[in-house]
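Scroll down for the structure; my scribbles are underneath it.
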Amino acid sequence: MKILVINGPNINMLGVREPEYYGYETYDDLVEMIRNKAREISERKYNEGKTDLKSKVFVSFFQSNHEGELVDTIQKAKGEYDGIIINPAAYTHTSIAILDALQTVDIPAIEVHISDLNAREEYRQISYVREACEACIMGQGLEGYCYALDMLCNIIDES
C-alpha cells in the first residue's frame, strides 16, 4: 500500500514557526514519526497473517510552498498511490485548485492540520479541500498524521 503525504506552505518551517500552535518538532521529526508509524502498521498486519504486498505500508513525502506544485503532485499520484494524507496549510482556506485535483484523481485522502483550526481565526475555519477528503484530523499536533495514516490504511483495506 503506497501512501503519499503532502504538506503545503511553511510546514518545512516546523520547529521555528509559531511554536505555540505547531510545537518545536521539525519537519524531519514529522517525517520520521510517520515512517515509524508505517512500519508499526506493516508489522501489525504481518502479525495478523497479512503477508501480501498490499499489507506493507510505504510512505512518500512531498512539501512545497507553491500551489501549482501541490496540484501537479496530486495529479501525478493517480495510478501511483493508494491514498493521500494532505495538509494544504494556508491553501486549505483558498485553493479550489487543490480541491479539484483531489476530486479528479479519485484517491482516498485525509486532511490533517496540526493546530485546531476551529479555535483559530475565523478565516482559518474554512476548508475548500475537506469536500474531497474522507476525514479531517486537526488539533492533534504531529501525531494527527499518524492517526490519519492508521485511518487511511483501514479505509484502503476495506475498499
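Index from 1, following the sequence.
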Could you grab the distance from atom CG of Asn36 to atom CG of Leu149, nearest 0.5 Å is fine? 11.0 Å
Does Ile126 offer a backbone N or O that forms a donor-acceptor pair with the side chain of His93 under 3.5 Å? yes
What pair of heavy atoms forms the shortest contact from Ile98 to Pro88, and how long is it? CD1-CB, 4.4 Å
Mind checking whether Leu4 and Ile107 sit in one hydrophobic cluster, side chains of I, L, V, M, F, W, Y counted as touching below 4.5 Å? yes
Kindly work out whether a path of hydrophobic side-chain contacts (I/L/V/M/F/W/Y, heavy atoms less than 4.5 Å apart) joins Ile137 to Val31. yes
Okay, side chain of Ser95, backbone of Thr92: is any donor-acceptor separation there less than 3.5 Å? no
Can you list every pair that meets salt bridge (charged side-chain N to carboxylate O under 4.0 Å, His left out) and has a residue in residues 33-46, with sequence neighbours left out? Lys37-Glu40, Lys37-Asp150, Arg44-Asp150, Lys45-Asp157
From Gln103 atom CD to Ile96 atom CD1, the distance as rounded to the nearest 0.5 Å: 10.5 Å
Exercise: identify the closest heavy-atom pair between Gln125 and Leu117: CG-O, 3.1 Å
Are more than 12 heavy atoms from other residues, nucleotides or ligands located less than 6.0 Å from atom CD of Glu32? no
Would you say Tyr22 and Val16 make side-chain contact, with heavy atoms under 4.5 Å? no
Tell me whether Asn7 contacts the main-chain N or O of Ile86 through its side chain, where contact means a donor paired with an acceptor under 3.5 Å. no
In Å and rounded to the nearest 0.5 Å, what is the OH to CD1 distance from Tyr147 to Ile110? 13.5 Å
Ser42 side chain vs Val57 backbone, donor-acceptor pair below 3.5 Å: yes
So do the side chains of Ile74 and Ile6 get within less than 4.5 Å of each other, counting heavy atoms only? yes
Are Asp29 and Tyr24 side-chain neighbours, meaning at least one heavy-atom pair lies under 4.5 Å? no
Tell me whether Ser64 contacts the main-chain N or O of His66 through its side chain, where contact means a donor paired with an acceptor under 3.5 Å. yes
Is there a chain of hydrophobic side chains (I, L, V, M, F, W, Y, each step under 4.5 Å between heavy atoms) that links Met151 to Tyr81? no
To the nearest 0.5 Å, tell me how far Asn47 CG sits from Ser55 OG. 11.5 Å
Can you see which heavy atom on Leu70 is nearest to which on Gly8, and at what distance? CD1-CA, 3.9 Å
Using a 3.5 Å distance criterion without hydrogens, assess whether the side chain of Asp100 forms a donor-acceptor pair with backbone atoms of Ala97. no
Set of residues satisfying salt bridge (Lys or Arg N to Asp or Glu O under 4.0 Å) with respect to Glu48, sequence neighbours excluded: Lys50
Determine whether Phe61 and Tyr27 make a side-chain contact, defined as any pair of heavy atoms from C-beta on separated by less than 4.5 Å. yes
Stepwise side-chain contact (heavy atoms from CB on, under 4.5 Å) check, Asn118 with Met138: CA-CA 9 Å; Asn118 292 326; Met138 65 174 123; 3.6 Å; yes
Nearest non-hydrogen partners of Ser115 and Arg120, listed with the distance: OG-NH1, 2.9 Å
Give the C-alpha distance, both sets of side-chain angles, the deciding distance and a yes or no for side-chain contact (heavy atoms from CB on, under 4.5 Å) between Leu14 and Asp28. CA-CA 9 Å; Leu14 286 175; Asp28 289 340; over 6 Å; no
Drop me the distance from Glu111's CD to Glu134's CD, to the nearest 0.5 angstrom. 12.5 Å
When clusters are formed by joining ILVMFWY residues with side-chain heavy atoms under 4.5 Å apart, either directly or through shared neighbours, do Leu30 and Leu152 land in the same one? yes
Pairs flagged by salt bridge (charged side-chain N to carboxylate O under 4.0 Å, His left out) wherever residues 55-80 is involved - sequence neighbours left out: Lys2-Glu80
Count I, L, V, M, F, W, Y as connected when their side-chain heavy atoms are under 4.5 Å apart, and connections chain through other members. Are Met13 and Phe62 then in the same cluster? no
Of the non-hydrogen atoms in His113 and Asn87, which two are nearest, and what is the gap between them? ND1-OD1, 3.4 Å
Student check: side-chain heavy atoms of Val5 and Tyr145 closer than 4.5 Å: yes
Within a reach of under 6.0 Å around CD of Glu20, are more than 12 heavy atoms found that belong to other residues, nucleotides or ligands? yes
Minimum heavy-atom distance Pro9-Asn65, with the two atoms named: CA-OD1, 3.1 Å
What's the spacing between Ile3 CD1 and Phe58 CZ if we round to 0.5 Å? 11.0 Å
